[in-house]
Novice: 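Quick one: this structure, given as structure tokens, is what I'll be asking you about.
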Amino acid sequence: MRPRWRKVLADLFGNPVRSLLVVASIMIGLVAVGMITILHRTVSDDLREGYQAVNPANIQVRSVPVDDDFIRHLTHLPGVQDAEGLRVFDLRIRSGAEQFKSIRIKAFADIQSAVIDRVRLVEGRWPPGEKEIALEANRMVDVKYRVGDLVEIKLANGTLRSLRLVGIVNDQTIGSDGGGAGFFLAPIQGYITRGTLEYLGQPDEMTGVHLTVSEGQNDLAHIQAVADRVLQEFERDGVATSGVVVRRSTDHPNAPYIEAIKAVLYLLSFLVLFLSGFLIINTLSALLNQQIEQIGVMKTFGATRFAVIGIYLALVLVFSLLGLVLAIPLANLVAYYELGDIAPTLNFIARGARLVPESLVIQVVIAFLVPQAAALYPVLRGTGLPIQRALSGAGSSAEMEMDRLTLWLSRLKGSSRPMAISLRNTFRQRVRLALTLLTLALGGAIFIGTFNMRASLESFISRLGNYFIADIIVTLNEPYRVGEIQAALKRLPEVETVEGWATASGQIVLPDGQAGETVLIQGPPDGSVLVKPIMLKGRWILPGDRHAVALNEYFLTRFPDVDIGDTIKLKIGGKESEWTVVGFFQFAGKNIGLMAYTNYDSLSRETHTYGKSVDIRATSTRKGLSLAEQEAMSLRVEAYLTGLGYKVKESRAGQTIRGRTTGGLDALTNFLLFLSMLMASVGSIGLMGTMSLNVLERTREIGVMRAIGASDREIFRIVLAEGILIGLISWAISLAAAFPVSAGLARAIGSSIFGTPLPFQYVLTGPAIWSGVILLFSFVASFLPARSAVRMTIREILAYE
Amino acid sequence: MQFHPTPNGSRALIRLEGVCKSYSTASGPFAALKSVSFEVKAGEFVGITGKSGAGKTTLVNMITGTDQITSGEVWVGDVAVHRMSEDRRSRWRGRNIGVVYQSFHLMPSLSLIDNVMLPMDFCGQFRPRESRARAVELLREVELEQHALKLPSEISGGQQQRVAIARALANDPPVIIADEPTGRLDSVTAEVIFEIFAGLVRRGKTIVMVTHDQGLVERVDRVLQLRDGVLDAA
Ligand SMILES: Nc1ncnc2c1ncn2[C@@H]1O[C@H](COP(=O)(O)OP(=O)(O)O)[C@@H](O)[C@H]1O
Ligand SMILES: [Mg+2]
């Protein structure tokens with residue numbers, strides 16, 4: 001081997017710690033970018049393909065009872081692949097000694113041959129036979145049943161029925177009939193065969209049809225066209241429909257959350273690229289600084305500039321290759337670990353590790369471009385120096401320059417001599433310091449931004465509370481007279497206000513006359529104190545308004561043409577009616593879907609329940625009840641009403657919906673925290689590199705200090721103080737850098753989940769925790785260099801040259 | 001490369017004419033060499049002396065071309081050193097001038113034999129196998145072949161300087177320029193180094209050596225005395 005290549009190897013192995021640092025800084029960037037690419041690809045692939053594999057319904061129709069012949073007839077319509085009847089109804093399941101929770105039970109018309117909305121068996125067997133049930137795995141924690149147990153179901157009339165739990169299944173279609181939060185808002189899910197219906201007090205009739213299209217499963221316009229044909233058949237047969245949902249086979253209900261994760265990943269991959277670029281520039285320029293004298297020697301003995309550049313780029317190439325070889329498996333390991341972590345929380349199935357070619361390509365390209373590009377400036381600078389300047393070590397002469405800031409800092413009153421020395425050291429290598437600070441500050445900014453984003457989410461969701469001011473919400477099995485219930489509840493000393501609301505689920509009637517998306521319609525009584533809307537535009541409903549509606553902000557994005565003063569058509573209970581838009585209010589965006597508020601009078605007339613209500617809301621005489629207190633109250637009120645002979649379907653705390661909505665976002669927050677910790681470790685590796693290089697470069701200076709009598713402890717303290725000082729400065733910068741990062745995160749996550757940016761929030765939790773993390777990191781990062789500085793003997797220091 | 005007689009017919013191998021060098025410093029330009037002219041004949045052993053700061057290092061750097069001249073001409077053989085680009089000068093120097101520094105300047109991460117082979121690698125006059133044999137031979141000449149695989153940090157200063165001389169001879173250059181090669185060595189070791197140089201002169205090399213050592217000054221062919229950037233009349 002030629003001596004010049006032996007020099008490359010010698011530099012590589014001659015200083016293993018330094019080489020490791022360079023390789024680590026290249027590797028960490030590659031791992032991050034590789035991991036992000038793998039996740040980006042696999043998350044959406046697994047979500048889409050996994051969902052497609054369950055053969056989800058493209059068209060879901062809710063209707064009055066339909067007969068089997070009609071359903072069979074639908075399968076012969078052009079464009080229809082399969083059609084299956086089902087009956088979905090809500091009952092209550094025993095979840096504790098005296099506790100019942102809502103359960104949504106889906107009965108299949110023909111469970112043996114059902115092919116649409118396939119569930120995946122997790123435990124036990126499928127399908128359930130008569131008087132048997134399967135439960136969905138995601139909500140199993142709410143009830144403590146095991147396979148083989150008898151599950152107790154409370155019927156509408158209060159009767160208890162027992163079903164044998166034969167299987168636990170995973171159903172990816174939960175939430176597919178509504179907005180994005182459907183999965184998280186969904187109650188416990190149960191699956192039965194048709195034969196069990198009667199046992200549960202249900203008529204043996206199907207009230208819905210799920211259909212798949214034979215082609216164009218991913219073409220929404222085509223699916224809508226097929227749906228229109230299907231609806232025409234319903235109309236011709238005189239079967240009233242009450243809701244239609246069309247979906248592509250790839251539209252997993254939780255896709256918005258994945259979109260949010262992907263948006264964050266995009267943002268992060270840019271930051272990570274910057275970070276690892278800084279890191280590499282940092283370590284390589286320090287390495288080349290140490291080589292300047294050798295460059296001068298090589299040029300003295302006949303090396304051209306080109307030859308010298310070749311030597312160092314070859315060295316960098318070896319570093320890159322080593323970093324790449326380590327990064328590829330590591331990136332995969334981290335990515336698939338994280339994927340396995342996200343998948344269950346978002347109810348999709350991770351298909352496990354596989355090769356993602358583009359992650360390899362990106363890693364290879366970055367490995368060969370970024371370090372070389374980062375090395376280019378220092379290499380050109382080093383090789384461009386006149387030989388004599390290089391031989392005298394040009395790097396060190398620049399180091400000795402001190403500017404006024406540094407002098408001022410080192411003369412700070414009250415700072416001890418070692419402290420003054422570390423201050424001087426810290427500010428000497430200006431560029432390296434800047435890069436280290438940037439790396440750490442970016443990691444910190446993302447960490448702090450994560451907490452701020454969480455706060456933004458919470459503040460956004462807490463606005464939902466304005467629409468759920470009641471402490472308890474009681475849903476009755478059938479409409480009761482509002483006055484009667486009010487009188488009954490007012491007799492309870494803990495109850496303050498009672499309101500009976502009208503509610504309905506309608507459909508928006510599109511300009512072409514077809515019924516479109518489902519709209520949730522609420523009708524609080526005039527002057528209701530249980531809703532305090534946040535208006536975006538126009539006004540809220542006023543007492544005496546007739547057929548006036550206020551719409552949520554999702555209408556603005558879904559139907560941009562609709563404005564205040566316009567009339568919209570809603571189909572409620574099979575009948576179309578016209579409503580005047582008076583305003584738009586802020587709700588939870590597309591996550592919940594379309595919502596409209598009107599007043600009780602207008603809505604109850606449409607639903608023919610004037611004077612009656614199934615939706616009773618009440619407040620306690622005590623203010624500010626906690627969720628637990630609200631739940632306790634709801635149990636007492638339910639028992640009381642049941643005792644009076646009212647049939648209660650469900651009674652829940654006012655804060656329930658808020659809690660559930662937030663729950664879905666925890667997955668996101670955890671994911672972000674994980675990513676920011678990753679960034680922080682990138683930063684600390686950078687800091688460790690900086691510190692060790694500083695120590696290495698100052699070997700001589702440390703030798704002199706020891707020669708003039710500095711103790712081990714003093715030298716240790718100087719190096720440690722320097723590292724911690726850098727950490728603290730980066731902390732201060734990250735506080736400021738967190739502003740744009742938080743705003744970016746709030747925008748990215750807000751628009752992918754809610755279709756609207758989240759309100760900006762800055763909470764102190766992030767800075768507080770980060771200050772601890774950064775202190776720990778900078779301590780660890782400077783501890784090893786400090787120890788090695790102390791361990792250097794004077795002889796070694798003098799031999800170093 | 002062959003050395004032809006200079007155009008004016010003299011037998012000078014190294015010729016400096018009106019060489020000036022000024023450094024830019026914080027307090028303005030500083031003239032380290034003020035119009036220095038002299039010649040060195042092939043096969044001569046010339047010593048340069050002078051007080052510290054007199055400009056000795058600056059002067060030899062002008063001959064080796066490791067620093068940029070301010071004005072004047074430097075000829076080595078028929079080559080105008082002052083006119084060459086840095087890269088061409090590097091290649092030319094690698095083949096024609098062996099440089100020995102006071103502080104050795106060995107490559108710390110390379111073994112002694114690799115240090116000696118490095119100039120051959122850059123200049124490509126010898127094939128790889130040849131160059132290894134040659135490096136062993138050169139190390140034998142300075143009596144260090146048994147240490148060939150050691151690192152510079154594993155041997156003494158005098159031994160390092162001998163390796164540096166072997167390296168200077170790697171491409172068999174006709175000229176050796178040494179800047180205080182014994183400056184960091186004790187007198188016994190310095191004597192060994194001087195004897196190596198004397199032997200080289202006997203074999204026809206031309207040597208310019210900067211030295212402080214009065215004892216050594218008396219033993220060279222000719223001495224040039226520098227004072228504040230000006231040559232004293234001999
Ligand atoms: N790079 C430089 N920049 C400024 N002044 C220099 C530089 N190198 C040398 N000098 C000055 O030039 C003069 C001659 O230096 P030098 O040739 O090293 O002297 P000698 O080798 O005789 O001790 C000295 O006064 C020295 O301070
Ligand atoms: Mg000198």
Novice: Using 0.5 Å steps for rounding, measure from the OG1 atom of A/Thr300 to the CZ atom of B/Phe122.
Specialist: 10.5 Å

Novice: Measuring only between side-chain heavy atoms, which start at C-beta, is A/Trp5 closer than 4.5 Å to B/Asp121?
Specialist: no

Novice: Identify the heavy atoms of A/Ile387 and B/Arg93 that sit nearest to each other, and give their distance.
Specialist: CD1-NH2, 3.0 Å

Novice: Under 4.5 Å heavy-atom distance to chain A, tell me which part of B/Tyr101 shows up: side chain, backbone, both or neither.
Specialist: side chain

Novice: Please classify the contact of A/Ile295 with chain B as side chain, backbone, both or neither, using a heavy-atom distance under 4.5 Å.
Specialist: neither

Novice: Pull out the residues in residues 82-90 of chain B that come under 4.5 Å of chain A, heavy atom to heavy atom, sorted by number.
Specialist: B/Glu86, B/Asp87, B/Ser90

Novice: Just checking heavy atoms, which of residues 161-168 of chain B are less than 4.5 Å from chain A?
Specialist: B/Arg167, B/Ala168

Novice: Can you confirm whether B/Pro119 sits close enough to A/Met298 that some side-chain heavy atom of one is under 4.5 Å from a side-chain heavy atom of the other?
Specialist: no

Novice: From A/Arg2 CZ over to B/Met117 CE, what is the distance, rounded to the nearest 0.5 angstrom?
Specialist: 10.0 Å

Novice: Give the interface residues of residues 62-72 of chain B toward chain A, defined by a heavy-atom separation under 4.5 Å.
Specialist: B/Thr66, B/Asp67

Novice: Report the distance from atom OG of B/Ser109 to atom CD of A/Gln294, rounding to the nearest 0.5 Å.
Specialist: 5.0 Å

Novice: Please name all residues satisfying side-chain hydrogen bond (donor to acceptor under 3.5 Å, both in side chains) with B/Arg91, sequence neighbours left out, ordered by chain then number.
Specialist: none

Novice: Please round to the nearest 0.5 Å and tell me the distance separating atom CG of B/Asp114 and atom NZ of A/Lys7.
Specialist: 11.5 Å

Novice: Measure the CG-CG distance between A/Leu9 and B/Leu110 for me, rounded to the nearest 0.5 Å.
Specialist: 10.0 Å

Novice: Where is the tightest heavy-atom contact between A/Phe301 and B/Val99, given as atom of each residue plus distance?
Specialist: CZ-O, 3.3 Å

Novice: What part of A/Met1 lies closer than 4.5 angstrom to a heavy atom of chain B: side chain, backbone, both or neither?
Specialist: neither

